[in-house]
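Notes for the one structure printed next.
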Amino acid sequence: MPQEAESDTQDGFELSLREHRKSGVRVRIAPSPTGAIHVGLARSALYNYLFACSHGGTFVLRIEDTDVQRSTEESAQAIIKGLGWLGITFDEGPYYQSQRLDIYRKHADQLLQSGHAYRCYCTPERLAEEREKAEAQRSAWRYDRRCLNLSEEERKKFEAEGIKPAIRFLVPEGKTTFTDLIHGSITREHKDIDDFIIVRSNGIPTYNFAVVADDHLMEISHVLRAVEHISNTFKQILLYNAFGWEIPQFAHLPLILGEDKKKLSKRHGAMSLEEFRAQGFLADAMVNFLVLLGWSPGEDREIISRQELVKLFSIERINTSNAIFDMRKLEWMNGEYLRAMDTSQLLTAFHDWLGYQGISLPREYASAEFLSRALPLIAERSRTLDEVYDALLPYLSDELTYDEEGLNKHFRKDPEGVKRWLLLYRERLEKLHEFNKETAEGVLRELVEELGIKPGLVIHPVRVAVTGRTVGPPLFDCLELLGKERVLDRLSKLPQ
RNA sequence: GGCCCCAUCGUCUAAUGGUCAGGACAUCACUCUUUCAAGGUGAAGAUACGGGUUCAAUUCCCGUUGGGGCUACCA
């Protein structure tokens with residue numbers, strides 16, 4: 001499919017009508033390392049990754065750290081680590097824009113030479129002032145091109161004052177249209193575009209300039225990125241045309257919004273990938289959930305493996321409208337993945353999570369033997385690893401906290417009666433030669449039979465007494481997990 | 001304010017110029033059950049509004065409304 005981007009410039013000169021490169025798919029993500037990695041970036045990365053995988057293409061990571069004030073290396077590492085956790089890996093990179101400054105400088109000079117760009121000595125302060133003034137009058141502000149035709153003398157004067165110029169792109173008259181793979185044809189008139197700055201006065205290029213140079217030099221064939229970049233795309237196409245470069249295909253992804261329908265931002269602290277990992281979400285579930293936010297396979301399917309995703313994914317099926325992040329559906333999906341895991345997978349996932357959280361289990365319960373008995377029972381009724389850990393707590397420590405509601409319901413109505421039953425049960429357990437869930441259940445059934453009461457009247461208080469909780473795995477599994485000694489101990493220290 | 005994007009159940013979404021507008025999460029009810037989950041069964045729940053085009057519009061066009069984004073020497 002040919003890329004139909006074209007620009008009519010003032011002389012009616014068609015600068016580009018280019019063919020899609022035939023050399024194969026090369027995609028990239030280009031995050032700015034300025035903070036926690038949020039789910040929007042993760043999903044963009046995922047879509048690029050899946051697209052590359054399904055086309056046998058190349059996936060490039062480029063760190064856009066041209067904002068020296070806010071960029072940090074820690075953040076760059078966190079991005080790589082976070083995406084790695086999701087199983088998203090790169091074929092090339094990371095490239096750092098901060099290490100390519102001479103490349104941008106060279107290209108900026110080229111535009112200066114060809115008259116596509118000019119030096120601007122206006123101070124940011126002055127520009128901000130004028131912008132405010134225009135805003136006060138509720139009129140659109142555009143750069144007035146004051147520095148477009150500076151005489152040599154004026155220029156010398158500014159230089160003598162020590163003012164370092166920025167470089168602006170000279171936006172031609174006309175309009176630009178491009179065909180977005182998701183949105184179709186989009187047009188913008190050049191009069192709505194400012195003479196934007198391509199190189200700051202400190203010599204560092206701005207996003208719109210660096211991204212074009214890099215995408216071209218790195219031979220990026222398809223740019224899949226968030227819709228917020230649509231307006232930038234016009235500026236970028238103008239630059240491609242000024243250089244006479246081939247224009248890549250663009251696909252602008254819908255946004256992921258928070259529950260408040262606002263764009264995900266630092267406000268949504270819990271939306272960072274690290275946060276989800278800490279809460280005990282599984283990488284596979286995250287991937288599955290994220291891919292469905294803005295894309296669907298076209299059949300009534302929700303749980304889709306990575307392998308299938310690679311096969312099924314296509315840009316054509318990406319949606320146009322923004323999606324709201326539904327935490328409850330993620331929780332459900334995570335539960336599905338949790339329940340689908342076998343014991344060894346559970347063990348691995350749980351250990352990874354403990355490691356990530358910096359939690360170490362008491363030595364006697366850290367054994368694979370204990371955990372491989374406990375985890376399946378617990379994971380079956382959990383949605384996150386965080387919940388798994390919480391449900392495991394009564395088995396890890398002898399310091400129980402008793403659930404208030406459970407005490408009210410099962411102890412306080414008839415304290416003496418309940419205590420008597422539990423102590424009777426304890427006696428029978430104590431006599432057991434072989435203590436396991438079958439024998440523990442056997443003696444309980446005998447007991448209630450003799451007492452002529454319903455099993456639940458003993459079962460529920462026992463659960464509270466030995467685990468402190470009203471919910472959990474089937475009681476006799478719990479007893480077996482705890483072991484005879486601790487069960488007897490806890491039954492002799494009944495809650496009040 | 002200007003420019004751009006978007007609009008199907010509360011949420012994620014499917015579908016077609018003619019369907020009983022389908023599925024999933026969440027909700028509710030019933031069921032299963034020693035609790036909690038899970039499972040099973042069922043219920044409720046959507047084409048934003050107004051105009052066109054058409055025999056027929058949720059689908060195509062226009063407008064309105066609503067939401068979102070951009071409008072930096074951020075990306």
Side-chain angles (χ1 to χ4, degrees), chain A residues 30-34 64-67 69-71 120 122-124 127-128 131 134-135 137-142 164-168 180 182-183 186-189 191-194 196-208 210-211 225-234 252 254-255 257 259 261-263 289 292-303 319-333 335-336 339 378-383 387 391 406 409-410 441 444 454-460 462-464 467 469-476 478:
Chain A
S32 60
T34 55
E64 309 225 324
D65 53 353
T66 55
D67 183 350
Q69 311 298 327
R70 300 193 298 151
S71 298
C120 172
C122 299
T123 63
L127 294 171
R131 199 173 296 122
E135 220 162 280
Q137 293 168 16
R138 278 215 234 97
S139 60
W141 182 85
R142 284 192 58 202
K164 294 263 183 281
I167 301 175
R168 282 185 189 271
D180 187 278
I182 294 168
H183 296 275
I186 308 175
T187 299
R188 191 164 182 195
E189 306 214 28
K191 67 174 171 57
D192 297 319
I193 306 174
D194 237 4
F196 55 96
I197 287 178
I198 57 175
V199 180
R200 300 174 173 92
S201 50
N202 64 6
I204 296 174
T206 58
Y207 162 73
N208 280 121
V211 80
R225 63 190 359 170
V227 268
E228 58 200 357
H229 287 293
I230 285 184
S231 48
N232 287 322
T233 305
F234 296 97
H252 287 97
L255 259 21
L257 308 177
E259 310 255 359
K261 298 194 176 183
K262 295 274 186 244
K263 186 184 165 190
F289 176 74
L292 256 17
L293 241 38
W295 174 86
S296 89
E299 337 164 18
D300 292 335
R301 299 189 52 199
E302 307 290 332
I303 306 294
N319 285 116
T320 49
S321 53
N322 294 343
I324 292 170
F325 194 98
D326 183 0
M327 189 61 123
R328 280 169 299 211
K329 185 159 180 177
L330 204 216
E331 285 170 352
W332 162 77
M333 190 169 277
E336 292 287 305
R339 280 187 291 280
I378 288 171
E380 197 183 327
R381 55 211 88 222
S382 302
R383 295 158 91 87
E387 284 178 20
K409 202 166 167 189
H410 302 299
E441 176 162 9
L444 186 133
K454 283 193 277 185
L457 288 176
V458 178
I459 286 173
H460 298 308
V462 170
R463 185 194 311 284
V464 175
T467 68
R469 315 214 177 170
T470 56
V471 301
L475 178 69
F476 305 108
C478 295

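A, B, ... follow the sequence lines: proteins, then strands. Residue 1 opens every chain.
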*Reference residue Arg463(A); test side-chain contact (heavy atoms from CB on, under 4.5 Å); the match among Val471(A), Leu475(A), Val458(A)*: Leu475(A)

*Length of the line joining Asp192(A):CG and C3(B):P, which is rounded to integer Å*: 6 Å

_By nearest atom, which of the nucleotides U11(B), A14(B), C70(B) is closest to the Ser231(A) side chain?_
C70(B)

*In Å and rounded to the nearest 0.5 Å, what is the CG to CG distance from Leu330(A) to Leu292(A)?*
11.0 Å

*Distance-only donor-acceptor test (3.5 Å): side chain Arg328(A), base C25(B)*: no

*asked:* Just the rounded figure in Å: distance from C1' of A26(B) to CD of Glu259(A).
replied: 11 Å

*Glu228(A) CD - A75(B) P separation (whole Å)*: 13 Å

*Just how far, in rounded Å, is P of U35(B) from NE2 of His460(A)?*
5 Å

*What about Asn208(A): does its side chain form a donor-acceptor pair under 3.5 Å with the base of A75(B)?*
no

*Under the 3.5 Å rule, do the base of G68(B) and the side chain of Asn322(A) count as making a donor-acceptor pair?*
no

*Within less than 4.0 Å of OP1 or OP2 of C74(B), is there a side-chain N or O belonging to Thr66(A)?*
no

_From CD of Glu64(A) over to C1' of C74(B), roughly how many Å is that when rounded to an integer?_
11 Å

*What nucleotide among G68(B), A72(B), A26(B) has an atom nearest to a side-chain atom of Arg131(A)?*
A72(B)

*Phosphate-side-chain proximity, Arg200(A) and A75(B), N/O vs OP1/OP2 below 4.0 Å*: yes

*asked:* Rounding to an integer number of angstrom, what distance separates C74(B) and U16(B) when you compare their P atoms?
replied: 46 Å

*asked:* Output the rounded distance in Å from NE2 (His252(A)) to C1' (C6(B)).
replied: 15 Å

*Of all the nucleotides listed (U34(B), U8(B), A37(B)), which has the minimum atom distance to the side chain of Arg381(A)?*
A37(B)

*Consider the side chain of Thr206(A), meaning its heavy atoms from C-beta on, and name the nucleotide among C25(B), A75(B), C6(B) that approaches it most closely.*
A75(B)

*Using only heavy-atom distances, decide whether a donor-acceptor pair under 3.5 angstrom links the side-chain of Ser201(A) to the base of C73(B).*
yes

_So if I take every side-chain heavy atom of Trp141(A) and compare against C4(B), A72(B), U35(B), which nucleotide ends up nearest?_
A72(B)

*asked:* I need the CE-C1' distance between Met327(A) and U27(B), as an integer number of Å.
replied: 19 Å

*Of the nucleotides A75(B), C5(B), C73(B), which has the atom closest to the Ser32(A) side chain?*
A75(B)

_Main-chain N/O of Asp192(A) paired to Arg188(A) side chain as donor or acceptor, under 3.5 Å_ = yes

*Taking N and O atoms by type only, does the side chain of Glu299(A) place a donor or acceptor under 3.5 Å from a partner on the base of G23(B)?*
no

*Atom CZ of Phe325(A) to atom C1' of U13(B): distance rounded to whole Å?*
16 Å

